[in-house]
There are 2 protein chains.
Amino acid sequence: MKGEAVNVDISIDAAGSIAPDLCPVRPLLDRMADKWSLLVIARLAEARGRRLRFSELMRAVGGVSQRMLTTTLRNLERDGLVIREVFAEVPPRVEYELTERGKSFLIPVRTLIGWLEANWPDIQRNRELYDKNE
Amino acid sequence: MKGEAVNVDISIDAAGSIAPDLCPVRPLLDRMADKWSLLVIARLAEARGRRLRFSELMRAVGGVSQRMLTTTLRNLERDGLVIREVFAEVPPRVEYELTERGKSFLIPVRTLIGWLEANWPDIQRNRELYDKNE
DNA sequence: CAGCATCCTCCGCGATACTG
DNA sequence: CAGTATCGCGGAGGATGCTG
């Protein structure tokens, strides 16, 4: 029997050791890693509190399909990173904005991106070297 | 002021990269997000410099297939996060350990995990609430 | 022991069409 | 305008078998 996703949780404490599963890192990591979440969050952050409509967001992100933008936003809303407000008008209007938690999420994200940028040249060189010797 | 356009969004484009000429965040993010990389890195970090053999790592991580452990380690090696040393013995012995870059990678990772841990209870509550009202 | 090679499954995501 | 509903593909990743 399979299909039983072994939900692997990890956490690393300050000392670098693995603490017994405090929080399921995986589902949240997956959110970070899916194709559009970070893009959407980045775009909303750029707006500096100005709320964005669905279509605005779609243009701002660029390249995202309606389906994926919808599910991405729903997931972010479910995690309390984004607020969705629907206005009962015709035509309909729906506005999105980051919650405080959503904004605070940008901090670790920036730390990570900072590391990536700082290390990217070395990593790139390492890859070339590695690929050559294969 | 904070949250200037510069850090945030180090503008992430549709391709998933952050600003054309900076660094492609996506491939590295993908590495972070794949199913085993973080686990492997965590386990190697725990060892505190003691090198681990392939089979040791496999047991330590738990649940990984040989195939995936191999490709995960190869990817990490390619990015210079892990060192792989082969000993020409019978039976073969291969040892793995973190590089300095690999260790430094733990810093942003811990920041991220710290955020996840701190926010997990709230997120969980948010999800329950959201799911109930669906 | 530490792996490749092969096959197969699952599901993230895109494309397209329809609707209140 | 802001979505749902369907279909289909591609690629990550598991299972199994073979080998130096």
Side-chain angles (χ1 to χ4, degrees), chain A residues 1-8 26-40 43-44 51-79 82-97 130 134, chain B residues 12 14-16 26-40 43-44 51-79 82-97 130 134:
Chain A
M1 200 67 235
K2 47 86 120 340
E4 191 60 27
V6 190
N7 200 355
V8 188
R26 184 66 46 196
L28 293 168
L29 227 44
D30 287 348
R31 183 98 323 118
M32 271 205 59
D34 69 24
K35 194 164 178 182
W36 302 107
S37 290
L38 277 189
L39 263 321
V40 167
R43 239 82 276 192
L44 287 173
R51 290 140 144 241
L52 295 183
R53 302 184 56 160
F54 186 87
S55 50
E56 267 182 307
L57 208 39
M58 188 145 126
R59 265 184 298 102
V61 170
V64 69
S65 65
Q66 279 189 336
R67 192 174 90 83
M68 285 319 295
L69 183 55
T70 301
T71 69
T72 299
L73 285 167
R74 290 298 200 283
N75 283 333
L76 293 175
E77 188 194 5
R78 192 171 105 101
D79 285 350
V82 155
I83 292 178
R84 172 173 183 265
E85 187 167 3
V86 183
F87 297 86
E89 311 174 350
V90 179
R93 176 164 54 109
V94 181
E95 294 185 344
Y96 294 90
E97 92 185 282
Y130 184 92
E134 271 319 274
Chain B
I12 309 178
R26 184 64 49 193
L28 293 169
L29 226 45
D30 288 347
R31 180 101 324 115
M32 275 204 56
D34 69 26
K35 194 165 178 182
W36 303 108
S37 290
L38 276 189
L39 263 322
V40 167
R43 240 82 275 195
L44 288 173
R51 290 139 145 241
L52 295 183
R53 301 184 56 160
F54 186 87
S55 50
E56 268 183 306
L57 251 179
M58 191 145 123
R59 264 184 297 103
V61 170
V64 190
S65 64
Q66 280 188 336
R67 192 174 90 82
M68 285 318 294
L69 183 54
T70 302
T71 70
T72 298
L73 285 167
R74 291 298 199 283
N75 284 332
L76 294 176
E77 189 194 4
R78 192 171 104 101
D79 285 350
V82 155
I83 292 178
R84 173 173 182 264
E85 186 165 3
V86 183
F87 297 86
E89 308 173 353
V90 180
R93 176 164 54 106
V94 181
E95 295 185 346
Y96 294 90
E97 92 184 282
Y130 184 91
E134 271 321 273

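Every chain is numbered from 1 and lettered A, B, ... according to where its sequence line falls, protein lines coming before strand lines.
- Put simply, CG on A:Leu29 is 16 Å from C1' on C:dG12, counting in whole angstrom units.
- For the pair B:Arg53 and C:dA2, the criterion of a side-chain N or O lying under 4.0 Å from OP1 or OP2 is met.
- Listed nucleotides D:dC1, C:dG3, C:dC13 differ in distance to B:Tyr96; the shortest reach to its side chain belongs to C:dG3.
- The side chain of A:Arg74 contributes an N or O atom lying less than 4.0 Å from OP1 or OP2 of D:dT4.
- With the nearest nucleotide of DNA chain C identified for both B:Leu73 and A:Ala33, B:Leu73 has the one nearer the 5' end.
- Considering only heavy atoms from C-beta on, B:Leu76 comes within 4.5 Å of B:Arg31 through its side chain.
- Comparing B:Val86 and A:Ser65 by the nucleotide of DNA chain C that holds the closest heavy atom to each, the one mapping nearer the 5' end is B:Val86.
- Regarding B:Asn75, its CG atom lies at a distance of 12 Å from the C1' atom of D:dA12, rounded to whole Å.
- A:Leu28 has its side chain within reach of A:Asp79: a pair of non-hydrogen atoms, C-beta onward, lies under 4.5 Å apart.
- Under the 3.5 Å distance criterion, with hydrogens and angles disregarded, a donor-acceptor pair is assigned to the side chains of B:Asp34 and B:Ser37.
- Taking every side-chain heavy atom of B:Phe54 into account, C:dG3 is the closest of C:dG3, C:dC13, D:dG3.
- To the nearest angstrom, C1' of D:dG11 lies 15 Å from NZ of B:Lys35.
- The side chain of B:Trp36 has D:dG14 as its nearest neighbour among D:dG14, C:dC1, C:dG14.
- The side-chain heavy atoms of A:Val86 and A:Arg84, taken from C-beta on, include a pair separated by under 4.5 Å.
- The shortest distance between the side-chain N/O atoms of A:Ser55 and the OP1/OP2 oxygens of D:dC1 is not below 4.0 Å.
- Taking atom CG of residue B:Asp34 and atom C1' of nucleotide D:dA12, one finds them 9 Å apart after rounding to whole Å.
- Listed candidates were C:dC1, D:dG14, D:dG3. Nearest to the side chain of B:Pro92 is C:dC1.
- The interatomic distance linking A:Arg26 (CZ) with D:dG13 (P) rounds to 9 Å, in whole Å.
- Distance CG (A:Asp30) to P (D:dA12): 14 Å, rounded to an integer number of Å.
- The interatomic distance linking A:Glu89 (CD) with D:dA2 (P) rounds to 10 Å, in whole Å.
- Taking 4.0 angstrom as the limit, B:Arg84 places a side-chain polar atom (N or O) nearer than this to OP1 or OP2 of C:dG3.
- Atom-to-atom, CD of B:Gln66 to C1' of D:dT19 comes out at 12 Å; the value is rounded to the nearest Å.
- B:Glu56 contributes a side-chain N or O that, together with a main-chain N or O of B:Arg53, makes up a donor-acceptor pair within less than 3.5 Å.
- Here D:dA15 is the nucleotide among D:dA2, D:dG3, D:dA15 with the atom lying nearest to any side-chain atom of B:Arg67.
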